[in-house]
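Throughout, residue positions are numbered sequentially from 1 according to the sequence presented. Because the structure is predicted, anything quoted here is derived from the model rather than measured. Basis for what follows: all heavy atoms, side chains included, without hydrogens, waters or symmetry-related copies.
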Amino acid sequence: MSPSPDPRRMAATLVAGVVGGAMLPEVSLPPADPADRARAQRLALATLRNFARTQTVLGPLMVREPAPLVMAALRVATVELLELGEAPHGVVSATVNGLKADRQTARAAGLANAVLRRVAGVEGWTDLPVQPLPGWLRRRLRGLWGEEVVKAIEAAHHRTPPLDLSLKPGKTAPEGAEPVATSWRLPAGVQVSALPGFAEGDWWIQDAAAALPATLLAVQPGETVLDLCAAPGGKTMQLAALGADVTALDLSAPRLKRLEENLARTGLSARIVAADALDWTPAEPVDAVLLDAPCSATGTIRRHPDLPFVRKPADVEALTALQGQLLDRALGFLKPGGRLVYCTCSLLPEEGEAQVSAALQRHPGLIAETPALPFGRATPEGGWRLRPDDHEGGIDGFYMALLRQRG
């Protein structure tokens, strides 16, 4: 059996792929030991969270940037040295040897050696500004909330996010977990599969903000509920754990496979449908719908620092049209008096507040029931807005609204 690829090399491949326009899961890696792959992922995430800092440090040390994979290797090594505090000799030696081992990068080994030896002596890393939001998004959010809020959001994005868990009713959180809204939080870096209750299916990983929409729906045992755009299934499991008769629908069959695995581990059940919600119709109207609509995911940058490198304003324009169509479609699935929670993990009002305002105008019999959640703020049309800076430990940015058809 061939040895597992070097995690640093894989991390550089991931970073170069993201700079080239791919999301992290889309970057191809060679077969590797799971522990090495996990380390590569952690290094890549840390590098993307500190990308601008690496540019500030490395830029003056080179006349021109080397090839993308070499530059990515230098960025990863810089983060190891200055952010993670790894021993300089080990980092420099491993990076140089890794470049030498590949014919494509071997000629850059001398450059890397010289540059990284200088990087190891750099001071003031923590005084450098944290990774800024992409310009188009930063301008939008600064116009909404002002410069200080944007800086607070960027600071929240910089921190490695903790591990949030949703518990099945009656189960106990792992030792050391602290409550955050309806969830439980553990520090970053915990080995999930080794925690008590994982194998038994007592809980699942789900950001504390992402757990709130299903809580807001307040389903009762036996109610018929549709979870639209359901994969990977955190909200489906919440609804099923409360005793609802859940149908989980998603366009992606591969993502539904993960939902099936999560249901099997937790011992929960739901009817699973692979279909486009714009073409599919339930056999009968339902009591409640949870619509976690496809969106820009700009509220999840703290967990997905690759996203700002890939997401563009044109993506948002296409998504807003789809969100309005899905919302109209989902409202048509309700019984008289039925309720729907619309939510997106976006910071942009056109994917949240504006969608619900427009839906209220299009559907005269629809009312918004303003929730009261542990943090965040009510919005004028009757929804609720969460930002990443709304909790000292960080939380995903979300918008949600509870809508009800008059009976």
Side-chain angles (χ1 to χ4, degrees), residues 2-84 86 90-116 118-120 125 128 130-135 157-158 160 297 300-312 315:
S2 59
S4 183
D6 175 40
R8 289 185 176 91
R9 180 70 174 188
M10 289 192 290
T13 300
L14 290 170
V15 171
V18 170
V19 173
M23 295 291 286
L24 277 175
E26 299 168 350
V27 181
S28 178
L29 290 177
D33 179 80
D36 288 339
R37 186 179 284 266
R39 186 184 173 207
Q41 183 85 0
R42 290 195 298 271
L43 285 174
L45 290 171
T47 302
L48 294 171
R49 288 193 180 98
N50 289 278
F51 195 89
R53 284 179 169 182
T54 67
Q55 191 66 29
T56 299
V57 169
L58 290 168
L61 302 181
M62 297 176 292
V63 176
R64 65 181 64 86
E65 280 196 9
L69 189 58
V70 176
M71 189 65 192
L74 294 176
R75 293 188 193 279
V76 171
T78 298
V79 167
E80 284 193 276
L81 291 167
L82 302 181
E83 177 73 11
L84 305 179
E86 301 289 349
V91 173
V92 175
S93 176
T95 303
V96 170
N97 289 337
L99 292 172
K100 284 181 179 178
D102 188 329
R103 283 182 299 177
Q104 288 183 307
T105 58
R107 294 178 61 183
L111 169 72
N113 185 58
V115 168
L116 293 179
R118 295 179 67 184
V119 169
W125 171 264
L128 294 174
V130 297
Q131 183 71 12
L133 290 163
H157 289 170
H158 178 73
T160 302
T300 69
I301 291 172
R302 58 194 279 272
R303 295 190 184 277
H304 303 287
D306 49 337
L307 197 143
F309 293 84
V310 180
R311 187 69 72 225
K312 300 293 185 290
D315 300 333

Using side-chain heavy atoms (C-beta onward) and a distance below 4.5 Å, is [X] in contact with [Y]?
X	Y	answer
L74	P66	yes
R107	V70	no
N50	H158	yes
L81	W125	no
R39	R8	yes
Q131	I301	no

List the atom of [X], the atom of [Y], and the distance in Å for their closest heavy-atom pair.
X	Y	answer
L99	A112	CD1-CB, 3.4 Å
A22	E26	CA-OE1, 3.6 Å
A16	P68	CB-O, 4.1 Å
L14	A40	CD1-O, 4.0 Å
T95	A73	CG2-O, 4.2 Å
D315	V310	OD2-O, 4.0 Å

Quiz prompt | Atom pair NE2 (H157) and CG (L133), whose distance is rounded to the nearest 0.5 Å | solution = 6.0 Å
Quiz item: About how many Å separate CZ of R303 and OG1 of T160, when rounded to the nearest 0.5 Å?
Solution: 10.5 Å
Quiz item: Does the side-chain contact (heavy atoms from CB on, under 4.5 Å) test come out yes or no for R9 and L69, once each step is laid out?
Solution: CA-CA 9 Å; R9 180 70 174 188; L69 189 58; 3.2 Å; yes
Sub-3.5 Å donor-acceptor pair from the side chain of [X] to the main-chain atoms of [Y], do we have one?
X	Y	result
S93	G90	no
N97	A94	no
R49	R302	yes
R37	P30	yes
D306	L24	yes
R53	L128	yes

Quiz item: Is E83 paired with R42 through a side-chain N to carboxylate O contact shorter than 4.0 Å?
Solution: no
Exercise. Report the residue from L43, T47, L48 that forms a side chain to side chain contact (heavy atoms under 4.5 Å, CB included) with R75.
Key: T47
Quiz prompt | Contacts of type side-chain hydrogen bond (donor to acceptor under 3.5 Å, both in side chains), residue E65, not counting sequence neighbours | solution = Q55
